[in-house]
Amino acid sequence: MPRFRLSVRARQDAWGFAFALPAVILFGVFAVYPILRTFYLSVHRYSLVGTPEFVGLTNFRFILTDAGFAQTLRNTGFYALGTYGPVLVLALVMALALNTGVPFRNAFRVINFIPVVISWAIVAIVWKILFNHQGLINQFLGAFGIDRIPWLQSTTAAPWAVIIPSIWKELGFYTVIFLAGLQTIPRIFYEAARIDGAGRLQAFRFITLPLLRPILFFATIIAVIEGVKVFIPQFVMTGGGPSGATKVIAVSIYETAFAFGRMGRAAAMSVLLFAIVLVLTSMQNLVYGRDRS
Amino acid sequence: MRTALQTVAALALVLGTAAFAQTTITFWSHTHPPMVDLNEALVAEFMAANPDIRVEYQVIPNNLFFEQMIVSLSTGTGPDVINMGNVQLTSDYIPRGLVVPIDLEASGYDSLEALRAEYVPAGLDGATVDGVVYGRPSEFNTDMLMIYVPDLVAAGYSEDWAPATWDELGEVAGNLSRFDDAGNQTHRGFDLVYLHAGWYANQLQVFASQTGCRFYNEEATESIVNSPECAEAIKIWADMIYEYGAADPRLTAGESTVPLQDYISGTVSMTFVQPWGMELVREGDPERWANTKLVPIPQVDPANPVNRVSGYYWAVNANSNVQDEAWQFIDFLASHPGRWLIDVNFLQATADMDELAEAEQFPYADQWLTTLEAGRFTEIYPHANETNEAVRAALESILLANADIEQTLETLKVNLDRVLQ
């Protein structure tokens with residue numbers, strides 16, 4: 001009777017699959033299943049007790065006609081733009097500066113990166129104290145004759161009170177990304193441009209920016225995702241208030257699921273959040289693809 | 001011979017293990033330092049008296065308490081024994097079947113009447129739905145006005161002063177407030193506590209119970225929060241800020257572990273206090289407590305005083321596998337009303353409260369009892385957390401941004417009607 005033998009390639013594949021299997025199982029259980037379950041729950045009514053009841057698109061209809069959810073969308077957009085717009089610009093400027101021969105540049109790089117390694121929860125608590133009505137920031141402003149600002153209690157000031165620490169915290173990460181990108185651009189390009197009479201601005205526009213485009217694309221994608229799924233600063237500093245002025249989508253999802261016990265509605269919000277991120281990144285991909293071609 | 005020895009050894013091991021087998025009860029509560037201390041002491045005493053039962057006690061931070069409790073109980077991972085507010089209990093936990101009715105036998109009572117006889121007439125009402133009782137009171141709360149007398153005297157008022165109406169309170173509180181050269185308020189004559197949504201809704205209930213404001217109609221089919229009664233209730237609160245300049249919510253410490261921190265630290269002269277709050281002030285600053293007096297809260301209609309009553313109740317998780325032991329443990333906790341009174345300043349609404357030896361040492365015992373007599377349970381409404389969150393957002397608009405009260409209540413009604421969907 002002939003023995004069944006696997007080819008060498010098939011055996012290698014089998015071993016490879018065997019080694020990957022634990023990771024695949026973990027990924028399936030902790031990533032794929034929750035995603036599928038979220039889609040499932042989004043069309044059900046479920047309060048963590050009993051069996052989910054199918055309700056079709058009711059949850060989506062409720063959310064899309066809810067003024068509160070519309071406000072969370074606006075808040076999320078405002079936060080994402082208000083934080084990551086300045087962060088990307090400032091990080092690029094910072095990276096350009098740190099990529100030159102300025103003295104103490106290594107020290108500056110370290111200082112710039114320190115906020116990145118501090119836990120967001122701690123950062124949020126510290127800034128919450130700083131923004132207290134009688135806190136250090138208002139005392140500092142008072143020294144210049146500026147009236148106290150109700151940073152965390154005003155619907156106009158609170159969104160900025162969350163954005164300011166976010167810029168401070170996120171700047172270092174994007175600076176490092178841009179710095180890494182800048183260091184891959186061969187110096188010979190700049191030397192050639194200089195010989196051809198190009199100034200610094202021209203070199204930046206015609207050499208740095210085009211060659212940095214893949215990094216810019218990557219950073220923008222990450223920034224959009226981070227901006228849209230933000231949770232900790234709003235949750236810790238303001239709890240989404242005052243009057244919902246800083247309530248972003250992720251805070252609303254958490255509250256709807258775990259404080260209100262409306263898992264189906266929260267799942268529908270998550271699906272919408274997923275759709276928003278998908279659309280935004282696809283648009284960026286489209287723009288980048290067009291530029292590349 | 002060797003086999004016989006092995007058998008005996010194995011038997012001894014099994015019997016020994018059985019003899020030391022322990023039932024474990026898990027018990028979670030919110031953070032309140034004096035309460036946590038007594039809970040820990042009582043847990044230790046209960047375990048000493050019942051060596052076959054082990055109690056694992058865990059304290060949940062106040063700002064996460066309601067979310068963590070309802071999620072854990074809903075998912076079957078909650079503790080066996082909980083200590084929960086009456087609003088949450090009757091609006092969420094009981095309707096969703098998360099807690100079980102009292103087991104009279106395990107609690108050591110022959111009948112419900114015998115248990116009811118242990119408490120004041122309304123004592124068990126905060127945990128009763130459709131005539132079925134689900135918990136025993138751990139604390140029974142109502143409000144009094146706490147005044148720091150030296151501030152009063154310094155402003156030229158008699159130390160016996162007590163306001164009969166909210167306007168009287170506002171006028172005096174405005175005069176007790178202090179401002180810096182730039183016009184910024186540095187000291188508040190009167191202010192409330194601005195913490196999580198539950199606090200906002202609870203404090204609003206103080207005014208609402210007097211004006212007759214309800215969030216929903218009796219059948220809970222529609223919100224009626226846009227009523228003149230609710231506008232009047234909120235106006236009392238808003239007037240303290242905008243009419244009398246007595247309060248500035250932006251100055252609040254927002255300290256969830258010590259909610260009365262502003263009063264303790266001396267930045268507020270007058271505030272509401274519940275029985276449990278007295279111990280916090282005494283622990284926080286004994287000298288300040290010594291110069292503090294408590295008087296009844298002002299009234300919309302002083303001739304017909306109304307005080308809101310709320311409570312926390314010990315209840316047993318419906319998913320618990322040790323329900324008998326859990327009720328036994330609750331009975332033990334409930335059998336020390338004197339210690340709860342003195343150590344934590346918790347009124348447990350027992351029928352013999354005024355006869356307890358400890359009641360003589362309890363500050364303002366007579367006044368608390370008089371206040372309780374005019375007490376009525378706050379409105380029980382569905383989806384408590386969701387309702388409270390909507391109420392908080394509306395109150396913040398009014399109290400922080402001076403939004404129009406009637407217009408804000410119209411928006412709140414729309415939001416509360418959606419809560420019912």
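Here is how names work: the chains are called A, B, and so on, in the same order as the sequence lines, proteins then strands, and each is numbered from 1. Here the structure is a predicted model, which is why all the values come from computation and not from measurement.
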Under a 4.5 Å heavy-atom cut-off, does chain A meet the side chain of [X], its backbone, both or neither?
X: B:Gln68; answer: neither
X: B:Val414; answer: neither
X: B:Asp180; answer: side chain

So which of A:Asp66, A:Thr155, A:Leu152 has the biggest tally of heavy-atom pairs under 4.5 Å with chain B? A:Asp66
Chain B contact via [X] - which portion, at a heavy-atom distance below 4.5 Å:
X: A:Ser47; value: both
X: A:Arg265; value: side chain
X: A:Tyr254; value: side chain

Not counting sequence neighbours, which residues clear ring pair (Phe, Tyr, Trp, His ring centres under 6.0 Å) with B:His383? List them please. none
Tell me, yes or no, whether the heavy-atom count around [X] atom [atom1], taken from other residues, nucleotides or ligands under 6.0 Å, exceeds 12.
X: A:Phe27; atom1: CZ; answer: no
X: B:Phe179; atom1: CZ; answer: yes
X: A:Lys169; atom1: NZ; answer: yes
X: A:Tyr33; atom1: OH; answer: no
X: A:Arg45; atom1: CZ; answer: no

Residues 392-407 of chain B vs chain A, non-hydrogen distance cutoff under 4.5 Å, contacting residues -> B:Arg392, B:Ala393, B:Glu396, B:Ser397, B:Leu400
Can you pull out the residues in residues 69-86 of chain B with any heavy atom less than 4.5 Å from chain A? B:Ile70, B:Val71, B:Ser74, B:Thr75
Carefully, step by step, assess B:Glu386 and A:Arg262 under the rule side-chain contact (heavy atoms from CB on, under 4.5 Å). CA-CA 10 Å; B:Glu386 203 169 353; A:Arg262 297 192 190 264; 2.7 Å; yes
Do [X] and [Y] come close enough that some side-chain heavy atom pair is under 4.5 Å?
X: B:Arg250; Y: A:Asn132; value: no
X: B:Arg418; Y: A:Thr65; value: yes
X: A:Gln153; Y: B:Tyr194; value: no

Which heavy-atom pair separates A:Arg148 from B:Gln185 by the least distance, and what is that distance? NH1-O, 3.6 Å
How would you list, in number order, the residues of residues 112-128 of chain A that have a heavy atom less than 4.5 Å from chain B? none
Whether the side chain of B:Asn385 engages the backbone of A:Phe260 through a donor-acceptor N/O pair (distance < 3.5 Å, no angle test) should be reported. no
